[in-house]
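All remarks here apply to the structure that follows.
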Amino acid sequence: MTFDTLGLRPESLRAIADQGYTDPTPVQAQAIPAILRGRDLLAGAQTGTGKTAAFVLPMIETLHATRGPGPIKLRALVVVPTRELALQVEQSIRTYGAHRPVRSTTIFGGMRMDRQVRALRAGVEVVVATPGRLLDHVRQRTIDLRRVEILVLDEADRMLDMGFIHDIKRILQQLPAERQSLLFSATFNPRIRRLAEDLLREPLSIDAAPRNAAAAPVRQVIHPVDRSRKRHLLTHMLRGREIEQALVFTRTKRGANRLAEQLGKDGIRAAAIHGNKSQSQRVRALTAFKKGHSQVLVATDIAARGLDIESLPHVVNFELPNVPEDYVHRIGRSGRAGEAGTAISLVAVEEQDLM
Ligand code: AMP
């Protein structure tokens, strides 16, 4: 299957070709025509499936096709769990809209309100936002959601895990009933289903990755090891180039910092990325990692959400997560867009139950 059969315009096809994509991913092949027809969507798709392009491309086209005269107004809202994901979605809007731009901005915590207010006042058609800060703007009446025609909830499961359900409900109350809604979630549990029922009207359901299952192709390896020896083993694998570069998960922010420090003492370039770091620190760490300046990025589950790192060969579970969904998210970071990856779990006896 090629992109030309999905109903996209030449400008979009050019933007896709600029990226070097030849074939749509399964979620793109299913979602794009349906979104262009105006349908609501319930999509099971995790990071790495090409889900961002699946909603950004048709969203841009719909906005152009239905744009009326008069001043620019906010017509599409993308709600995401983290700042990193917000920045990535915004980048995708620029990338895929390269030949047919729409005006967009991001809204998330940790950045100055007044700058965001200025961007909103200047006029945007698309806002990509995290729930908390978006509500701050709603309360201050610096954003008007009453004309939103397209709503996207991206990584909805993670937003619920992070406790954003009430914020999301409040946001939904601001939106007009007449709209197109798209819900993306890596996993499905009863809470997601309930949200989907409240939100969506006769949605098309598509499933890019098998539910609650790891997306192929990720090789999953387990190393049983004493807790106190984990760091040595990791250093050994990194030094021996058994692992070239890895995203390493810890359970806590403190653990992430400590591990990055210890690896540094072992002579391995490592940075930690988690919720306590400032936005600029996170961006710097991520950039250094993407450019290959650092060998290891240590992350907590929440911080790692939505990180866009292309073709990541290795994910290491330095500690196992508490819930299976997090494991699926973590290892989904390797083997992206069809490339093979390996997920290595360092499992201490104390973690047998989690395993
Ligand atoms: P996402 O699931 O949206 O985070 O996308 C995962 C990665 O796949 C991103 O780095 C995209 O640039 C890439 N990608 C998206 N669509 C395609 C495609 N049709 N062919 C190849 N790569 C793609």
Side-chain angles (χ1 to χ4, degrees), residues 47 81-85 87-88 108-111 158 161-162 221-323 326-327 329-334 341-352 354-355:
T47 306
T82 63
R83 326 165 194 209
E84 281 80 11
L85 189 57
L87 289 169
Q88 274 158 30
F108 45 72
M111 299 287 257
R158 178 49 51 141
D161 289 348
M162 290 168 76
V221 178
I222 294 163
H223 287 308
V225 56
D226 279 352
R227 198 158 50 172
S228 62
R229 305 281 302 160
K230 283 187 178 183
R231 198 244 309 171
H232 301 287
L233 177 58
L234 181 58
T235 299
H236 177 76
M237 288 190 287
L238 289 160
R239 279 206 186 125
R241 295 279 152 175
E242 189 180 323
I243 303 178
E244 289 279 344
Q245 224 198 2
L247 180 61
V248 177
F249 285 94
T250 59
R251 287 157 72 109
T252 63
K253 296 171 192 171
R254 214 147 57 92
N257 277 338
R258 198 167 46 219
L259 181 61
E261 262 172 46
Q262 288 172 334
L263 289 173
K265 285 183 189 147
D266 290 344
I268 285 161
R269 286 185 312 276
I273 183 168
H274 55 65
N276 285 0
K277 299 257 172 177
S278 72
Q279 178 61 14
S280 62
Q281 280 173 321
R282 295 204 232 183
V283 170
R284 226 179 303 134
L286 184 59
T287 309
F289 185 71
K290 277 188 174 179
K291 287 188 174 158
H293 298 327
S294 62
Q295 205 181 349
V296 173
L297 192 62
V298 190
T300 53
D301 289 293
I302 287 178
R305 273 312 271 202
L307 287 185
D308 185 34
I309 303 164
E310 261 171 80
S311 63
L312 188 69
H314 286 100
V315 163
V316 175
N317 292 306
F318 193 76
E319 289 149 337
L320 288 178
N322 281 328
V323 291
D326 282 340
Y327 179 83
H329 285 306
R330 286 179 178 191
I331 75 167
R333 316 318 308 273
S334 73
T342 303
I344 299 174
S345 298
L346 308 185
V347 184
V349 242
E350 299 90 331
E351 293 171 291
Q352 284 301 335
L354 287 172
M355 192 71 240

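Every residue two or more places apart in sequence or in another chain that forms a salt bridge (Lys or Arg N to Asp or Glu O under 4.0 Å) with Asp161 is listed here: Arg158, Arg191. Take Arg254 and apply the salt bridge (Lys or Arg N to Asp or Glu O under 4.0 Å) test, not counting sequence neighbours, and it matches no residue. For Glu261, there are no salt bridge (Lys or Arg N to Asp or Glu O under 4.0 Å) partners two or more places apart in sequence or in a different chain.
Distance check: Asn257 CG to Thr252 OG1 gives 8.5 Å after rounding to the nearest 0.5 Å. Taking CG of Leu238 as the start and NE2 of His236 as the end, the distance is 10.5 Å to the nearest 0.5 Å. Atom NE2 of His329 is separated from atom OG1 of Thr47 by 7.5 Å, given to the nearest 0.5 angstrom. Residue Phe249 holds its CZ atom at 10.5 Å from CD1 of Ile331, rounded to the nearest 0.5 Å. A distance of 5.5 Å separates CZ in Arg231 from OG1 in Thr235, rounded to the nearest 0.5 Å. From Gln245, atom CD reaches atom CG of Leu297 across 8.5 Å, with rounding to the nearest 0.5 Å.
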Give the C-alpha distance, both sets of side-chain angles, the deciding distance and a yes or no for side chain to side chain contact (heavy atoms under 4.5 Å, CB included) between Leu354 and Tyr327. CA-CA 10 Å; Leu354 287 172; Tyr327 179 83; over 6 Å; no
Residues Leu234, Gln262; criterion side chain to side chain contact (heavy atoms under 4.5 Å, CB included); working and verdict: CA-CA 11 Å; Leu234 181 58; Gln262 288 172 334; over 6 Å; no
Check the pair Asn317, Val347 against side chain to side chain contact (heavy atoms under 4.5 Å, CB included), reporting the backbone distance first and the verdict last. CA-CA 8 Å; Asn317 292 306; Val347 184; over 6 Å; no
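Pairing each heavy atom of Ala260 with each of Ala271, the nearest pair is CB-C, 4.1 Å. Taking each heavy atom of Thr250 and Arg330 in turn, the nearest pair found is O-NH2, 3.8 Å. His314 and Glu244 get closest at one heavy-atom pair: ND1-N, 4.2 Å. When all heavy atoms of Phe289 and Leu247 are compared, the closest pair comes out as CZ-N, 4.1 Å. Of all heavy-atom pairs between Pro81 and Leu85, the closest is CD-CD2, 3.6 Å. Between Pro321 and Asp301, the shortest heavy-atom distance links the atoms CB-OD2, 4.3 Å.
Each of Val221, Ile243, Val296, Leu233 was compared with Val316 under the side chain to side chain contact (heavy atoms under 4.5 Å, CB included) criterion, and only Ile243 meets it.
One finds a salt bridge joining Lys230 and Glu351 here, because a Lys/Arg side-chain nitrogen approaches an Asp/Glu carboxylate oxygen to under 4.0 Å.
Side-chain contact between Arg239 and Asp266 is present, with heavy atoms from C-beta onward closer than 4.5 Å.
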